[in-house]
Amino acid sequence: MSKRSLIMAPETGTRINKRVQTNDGGTVRAPTDAPVTENSPGRKKVIVRDLYKSFGTLDVLKGISMEAHEGDVICIVGPSGSGKSTFLRCLNMLEKPTSGTVIVDGHEMTDKHVNLNKARRSIGMVFQQFNLFPHLTAKKNIMFAPVDLGVMHKREAEAKALELLDRVGLSDKADSHPWQLSGGQQQRVAIARSLAMNPDVMLFDEPTSALDPEMIGEVLNVIKELASTGMTMIIVTHEMNFAREIAKTVIFMEDGKILEQGSPADVFQNPKEERTRKFLSLIVDK
Ligand code: ADP
Ligand code: MG
């Protein structure tokens, strides 16, 4: 049984007692290692508390706290330099927070004893600049991590890569190198690549900002499809229509803090803060 299928206290990763329904309709206290489905409602996938990050004397994150439950899609918007990328990078420890707690899928990332290599496997990340390996084909880009980390045999990884390429609509590009692909196609390969490790949480940092306008839709559609499968996602984006459509929660970040958060309707149509209003008025929907 995988560790993930145990009943876990979401904040600590320790097992907890819970009452479960029996076949005859009654309830019993579950043994501490009783399995629950991956889709147990209310399970917290990401917990961030009092996150601070400074680069030397530059304070970039100034006390961020937020949570994402399983299947949540959270869109982060905010002006350039407000710390959005730094925040995402602190979630998988690409940047080491100055202080605070980050827990992803039960792994306390900020605990100095955590096995980071293992913990990072539950997090997929997609960047603005696709960052594909230029010397590898689309298929081999996707196969790379699972094979390199010994998670899959070559055959299995290849089958997975082809399945993922099909999912992002690029079955015919398996043997193409990045330079033979458009920006939108490269970004779809990058998404497929980050799905190869079966992540529990996906982070997107402005996934369409480097794309020509006509390619934005195809990438957003792949992300929407992913959302419909119940993937937990945190997405930094300036695509407001997309955020409105896909997000359960919109977070507006400014100057290293969360200035406000709520449903897309709350934040976009009825922002509480003047600065949110001002920012939104400057963003032109494409
Ligand atoms: P955003 O993604 O919202 O545009 P960033 O998180 O990229 O913001 O950057 C926030 C601030 O942190 C900026 O002032 C940026 O220059 C600074 N910053 C980001 N990464 C580093 C770094 N590795 N070293 C020093 N300063 C950095
Ligand atoms: Mg950024």
Side-chain angles (χ1 to χ4, degrees), residues 73 75-77 80 84-89 91-92 94-95 120-149 151-152 154 156-229 231-243 245-247 285-286:
V73 176
C75 287
I76 301 180
V77 300
S80 177
K84 304 180 301 294
S85 295
T86 304
F87 172 68
L88 284 193
R89 294 165 64 81
L91 294 182
N92 60 5
L94 284 177
E95 295 291 355
R120 280 199 184 112
R121 286 180 199 171
S122 52
I123 309 171
M125 186 153 181
V126 174
F127 303 88
Q128 184 176 331
Q129 304 293 346
F130 333 116
N131 297 349
L132 295 174
F133 300 118
H135 60 293
L136 296 180
T137 62
K139 182 176 77 182
K140 290 199 168 147
N141 261 282
I142 300 170
M143 290 169 62
F144 184 82
V147 173
D148 188 55
L149 295 169
V151 177
M152 289 178 202
K154 230 173 161 178
E156 191 188 350
E158 184 173 16
K160 177 92 184 170
L162 294 175
E163 176 200 314
L164 287 168
L165 280 168
D166 184 43
R167 191 160 163 201
V168 300
L170 292 172
S171 292
D172 55 335
K173 301 293 181 188
D175 297 318
S176 299
H177 282 77
W179 56 271
Q180 296 169 307
L181 300 171
S182 72
Q185 291 169 336
Q186 287 184 60
Q187 189 63 304
R188 285 188 279 153
V189 173
I191 294 171
R193 181 177 62 173
S194 59
L195 291 172
M197 293 289 290
N198 295 318
D200 288 282
V201 175
M202 286 284 291
L203 311 176
F204 292 87
D205 193 358
E206 299 196 32
T208 60
S209 294
L211 298 176
D212 291 332
E214 71 271 23
M215 292 169 188
I216 291 174
E218 67 194 55
V219 171
L220 295 182
N221 283 339
V222 167
I223 301 173
K224 277 184 210 165
E225 189 269 335
L226 209 49
S228 73
T229 67
M231 177 67 79
T232 310
M233 305 202 279
I234 302 179
I235 308 169
V236 173
T237 184
H238 294 299
E239 298 291 332
M240 297 299 162
N241 281 331
F242 168 72
E245 194 180 327
I246 195 176
D285 259 324
K286 294 178 188 109

> Atom CG of L181 and atom CG of L132: how far apart are they, to the nearest 0.5 Å?
Replying inline: 8.0 Å

> When you look at V201 and M231, which way does the side-chain contact (heavy atoms from CB on, under 4.5 Å) test go after all the steps?
Replying inline: CA-CA 7 Å; V201 175; M231 177 67 79; over 6 Å; no

>> To check you understand the geometry: which heavy-atom pair defines the closest contact between Q128 and A210, and what is its length?
In response: O-CB, 3.6 Å

> Is there a side-chain contact (heavy atoms from CB on, under 4.5 Å) between L162 and K139 once you walk through the steps?
Replying inline: CA-CA 7 Å; L162 294 175; K139 182 176 77 182; 3.8 Å; yes

> Okay, side chain of Q187, backbone of F127: is any donor-acceptor separation there less than 3.5 Å?
Replying inline: yes

> Which atoms form the tightest heavy-atom contact between A138 and L165, and what is the distance?
Replying inline: CB-CD2, 4.3 Å

>> Testing the basics here: between A190 and F130, what is the closest heavy-atom pair and its distance to 0.1 Å?
In response: CB-O, 3.8 Å

> To the nearest 0.5 Å, what is the distance between SG (C75) and CD1 (I235)?
Replying inline: 4.5 Å

> Do you know the tightest heavy-atom contact between L136 and P178?
Replying inline: O-CD, 3.1 Å

> Looking at side-chain heavy atoms only, is the closest gap between V189 and V168 below 4.5 Å?
Replying inline: no

>> What I want to find out is whether E158 reaches K140 closely enough, with some N-O distance under 4.0 Å, to be called a salt bridge.
In response: no

> Hey, does P199 have a side-chain heavy atom less than 4.5 Å from the side chain of R121?
Replying inline: no

> Could you give the distance from OG (S194) to CD1 (I123), rounded to the nearest 0.5 Å?
Replying inline: 12.0 Å

>> Measuring from atom NE2 of H238 to atom CD of E206, what distance do you get when rounded to the nearest 0.5 angstrom?
In response: 3.5 Å

> Backbone N or O of H177 within a donor-acceptor pair of the Q180 side chain at under 3.5 Å?
Replying inline: yes

>> For a quick test of reading the model, state the closest non-hydrogen atom pair linking V219 to R188 and the distance between them.
In response: CG2-CG, 4.2 Å

>> Assess the residue pair D175 and T137 against the criterion (side chain to side chain donor-acceptor pair (under 3.5 Å)); give the C-alpha distance rounded to whole Å, side-chain angles, the decisive distance to 0.1 Å, and a yes or no.
In response: CA-CA 5 Å; D175 297 318; T137 62; 4.9 Å; no

>> Do I234 and F204 have side chains that approach each other closer than 4.5 Å (heavy atoms only, starting at C-beta)?
In response: no

>> Measuring only between side-chain heavy atoms, which start at C-beta, is E218 closer than 4.5 Å to L170?
In response: no

>> Checking side chain to side chain contact (heavy atoms under 4.5 Å, CB included) between M125 and each of R120, M202, R89, which is the one that passes?
In response: R89

> Between OG of S182 and CG of D212, what distance do you get to the nearest 0.5 Å?
Replying inline: 8.5 Å

> With respect to F242, which candidate in T208, I223, I216 satisfies the side chain to side chain contact (heavy atoms under 4.5 Å, CB included) definition?
Replying inline: I223

> Can you list the steps and then say if D205 with V126 is a side-chain contact (heavy atoms from CB on, under 4.5 Å)?
Replying inline: CA-CA 6 Å; D205 193 358; V126 174; over 6 Å; no

> About how many Å separate CG of L211 and CD of Q186, when rounded to the nearest 0.5 Å?
Replying inline: 9.5 Å

> When you measure from the centre of the six-membered ring of F133, is the NZ or CZ of R193 under 6.0 Å away and within 45° of the axis?
Replying inline: yes

>> Can a donor-acceptor pair be found, under 3.5 Å and without considering hydrogens, that links the side chain of D148 to the backbone of F144?
In response: no

> How far apart are the C-alpha atoms of L226 and L195, what are their side-chain angles, what is the distance that settles it, and do they pass the side-chain contact (heavy atoms from CB on, under 4.5 Å) test?
Replying inline: CA-CA 10 Å; L226 209 49; L195 291 172; 3.8 Å; yes

> What are the two closest non-hydrogen atoms of M143 and A161, and how far apart are they?
Replying inline: CG-CB, 3.8 Å

